[in-house]
Amino acid sequence: MIKLIVFLPLLAAIIGGLGNRMLGNVVVKTLTTGLLLVSCALAWPIFLGFLSGSTVAYVDPVLTFIRSGDMSVDWALRVDTLTAVMLVVVTSVSALVHIYSWGYMAEDPDQPRFFSYLSLFTFAMLMLVTSDNLVQMFFGWEGVGLASYLLIGFWYHKPSANAAAIKAFVVNRVGDFGFSLGIFGTFLVFGTISIPAILAAAPGMAGSTIGFLGGRVDTMTLLCLLLFVGAMGKSAQLGLHTWLPDAMEGPTPVSALIHAATMVTAGVFMVCRLSPMFETSQTALNVVTYVGAATALFAATVGTVQTDIKRVIAYSTCSQLGYMFFAAGVGAYGAAMFHLFTHAFFKALLFLGAGSVIHAMHHEQDMRFYGALRKHIPLTFAAMMAGTLAITGVGIADVFGFAGFYSKDAIIEAAYAAGTTAGGVAFFVAVLAALLTSFYSWRLIFLTFFGEARWAGSEHIQHAVHDAHDHDHGTAAHDAHTPHAELDPSDEDSGHAPSAHAPGADEEPRGTAGYHPHESPIPMMIPLAVLSLGAIFAGMLFHAPFIDAEHGIAFWKGSIAFDSHLMHAMHGVPAWVKLSATVVMITGFLVALWAYILDTTVPSRFTGVFGGVYAFLLHKWYFDELYTILFVRPAFAIGRLLWKKGDQGTIDRFGPNGIAHLVVGGGAAARRLQSGYLYTYALVMLLGLAAAATWAMTR
């Protein structure tokens, strides 16, 4: 069964990729989607088996991979509780994304290539989560990097998509270099790359030292930090996060698949898989905690000023990944995986819901040109509301709660219960990030679905209306249209909608007469309905086995380092700690309601007073500008120097080009001697005889 789950997506990718247009859109879509649904259907019984306790961990060998000296690598598929959780996450989201793409990509001419890339990505991710050794994990790790490059740059005719794909690939290479060094060091220390063998021997290496960069450092701290660098790149943690927002250049289903539930969670999965290693180094755990907390806060602050609907959700993903990492850093690996599990449902729902909004608004992604859409796309509005209630953590203790209410609140409580300095910092940062999460989530809802209809300022909508008019009247005339609504500078700075010439809430925007947003087709609505159920019920149904002190030990069965004492302490924190997340959630909602519904002048007035803060957040803390100065420009300068002076000026000049010029010059000289006249050849012969005679006489 596990082999079918893993290799059916590979089979789909191969057949769809090689068959491509020869098989046709319908055949490739049917094949790839059908095989993913089979993988998903086979994965859930495995997860439910571990949930009920009827299934035990096992390893299914595939083949002998590498034999080199002392290193032995067998390709095998490990199935335990941690793997089972990831199997249902990856296959469920991937299958739903395949179904969703039937509607979203219906007009794209390269659908076979797109669906093949999706299946290839799913296979690589499944190889990663079923790996029994670090080399196999690295294979899947690099596989998802390749597939993400292909998917982000799927619309390769767009320069921005190509740039985003290259950026994602390069930034991840930085993290993967650290990850590979960690694998090399682990093999050097333990003499094996088998994950079970490494985890069994890790406690014995606690306190030992190893030579590194001319000094002696703690062995396990060094190995864990090198491995964590890989997690930082793949999961977009602060410092190696810059690729994630730009990756929104790919199609929206790609955003849901890569940036919600699968690739970006690979780093969290790796840290939890190797949790016994990390438990041997408190320093490494503290680094994981601080980096995760800093990422959660950074991304949440930036998300508050974004106007692109997909970028708001992208920074939200980055922030939620920070929650998962600092949960692992304080030792609450069960809570980290629980949030990964629930986050997969509600974040995929938000991304796909955003895709439905973009589809309805003719590919307009700027929320400043939305408004009043709840009346036009009510089903999408309901789905987005479910996702927003889940991510903001709405719920009533011991009665009912959306998914995030159980998982995110558990992380906040675990950070406080850890009782460490790092845990205390993470707790206060988490509460502040929860406040910002509530604000930017409700800001997205209010700008998109409430208020005035502001479509007149959108060039995408204008073009759609004009094209429709041209089609209806059979003429390309219609130039005397209403000009686009101009953004007031204060509106642009505030991220709020344009106010000039805006119609009333029930009035159709000028310049868009005849255009009415419409619900997405059924293939796009089915995944939204399924994911809505996950966003509503996943936390309530599964919180006990994931994080309960008693049920957790039986559920995880040693697949992660489960601290039952911390989980027990988490449930015993003071009432004000338990209520803190709810209080800030309500506060964020009220602030967003005030600024974007009750008094829409608040954002422009705020940016007028705190322009510096707004600019700092709008430029994403100036990380891109800083990296451009420190790395991009020097790299391009060195590249130009090596190209112009090294390659062209030296190698080409004195190498192939120089030899070619020498041959050409010699040929020109030879042509002058080959005149065809008898006296020329006689002269050459006499000169030759004279030279030979001179040489003989001097001898």
Quiz item: When you check the gap from the basic side-chain N to the acidic O, do Arg368 and Asp308 get nearer than 4.0 Å?
Solution: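 Between Asp308 and Arg368 there is no salt bridge, as every charged N stays at least 4.0 Å from the carboxylate O atoms.
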
Self-check item: SB check Arg311 Asp246 (cutoff 4.0 Å)
Solution: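 Looking at Asp246 together with Arg311, the answer is yes, because their closest N to O distance falls below 4.0 Å.
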
Exercise. Could you go through the ring-ring contact (aromatic ring centres under 6.0 Å, His included) check for Phe450 and Phe381 one step at a time?
Key: CA-CA 10 Å; Phe450 292 86; Phe381 168 64; 5.7 Å; yes

Quiz item: When Gln320 is tested against each of Lys408, Lys347, His339 for side-chain hydrogen bond (donor to acceptor under 3.5 Å, both in side chains), which residue passes?
Solution: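 Answer after filtering Lys408, Lys347, His339: His339.
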
Any side-chain to backbone donor/acceptor pair from [X] onto [Y]? Under 3.5 Å, distance only.
X	Y	value
Ser319	Ala296	yes
Gln237	Ser235	yes
Ser438	Met585	yes
Lys310	Phe351	no
Glu452	Arg454	no
Asp599	Trp594	no

Practice problem: Might you confirm whether atom CZ of Phe636 has over 12 heavy atoms from other residues, nucleotides or ligands at distances under 6.0 Å? | Solution: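 For Phe636, atom CZ is not crowded (no more than 12 foreign heavy atoms under 6.0 Å).
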
Quiz item: Can you tell me if CZ on Phe400 sees more than 12 non-hydrogen neighbours from other groups inside 6.0 Å?
Solution: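 Above 12, so yes.
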
Output field: ring centroids [X]/[Y] closer than 6.0 Å:
X	Y	answer
Tyr323	His343	no
Tyr614	Phe610	no
Trp455	His376	yes

Exercise. To the nearest 0.5 angstrom, please state how far the CE atom of Met105 sits from the NZ atom of Lys29.
Key: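 Result: 10.0 Å between the selected atoms.
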
Quiz prompt | Residue of the set Leu444, Leu352, Leu528 for which side chain to side chain contact (heavy atoms under 4.5 Å, CB included) holds with Met384 | solution =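 The side chain to side chain contact (heavy atoms under 4.5 Å, CB included) with Met384 is passed solely by Leu444 among Leu444, Leu352, Leu528.
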
Exercise. Check Tyr440 against Ala300 and note the closest heavy-atom contact, atom names and distance.
Key: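 Nearest heavy atoms, Tyr440 then Ala300: CD2-O, 3.7 Å.
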
For the residue pair [X] and [Y], does the interplanar ring angle fall in the parallel (under 30°), tilted (30 to 60°) or perpendicular (over 60°) class?
X	Y	value
His363	His359	perpendicular
Phe439	Tyr596	tilted
Tyr117	Phe154	perpendicular

Quiz prompt | Partner set under side chain to side chain donor-acceptor pair (under 3.5 Å) for Ser356, not counting sequence neighbours | solution =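 For Ser356 the side chain to side chain donor-acceptor pair (under 3.5 Å) partners, ignoring immediate neighbours, are Thr380, Ser520.
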
Practice problem: Name all residues meeting the side-chain contact (heavy atoms from CB on, under 4.5 Å) criterion together with Leu617; count only those two or more places apart in sequence or in a different chain, and write none if there are none. | Solution: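 Testing Leu617 for side-chain contact (heavy atoms from CB on, under 4.5 Å), a comparison that skips the adjacent residues, returns Thr301, Thr304, Val305, Val613, Trp621.
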
Quiz item: For residues 95-116, which residue pairs qualify under salt bridge (Lys or Arg N to Asp or Glu O under 4.0 Å), counting only residues two or more places apart or in two chains?
Solution: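 The answer is Arg21-Asp110, Asp110-Arg113.
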
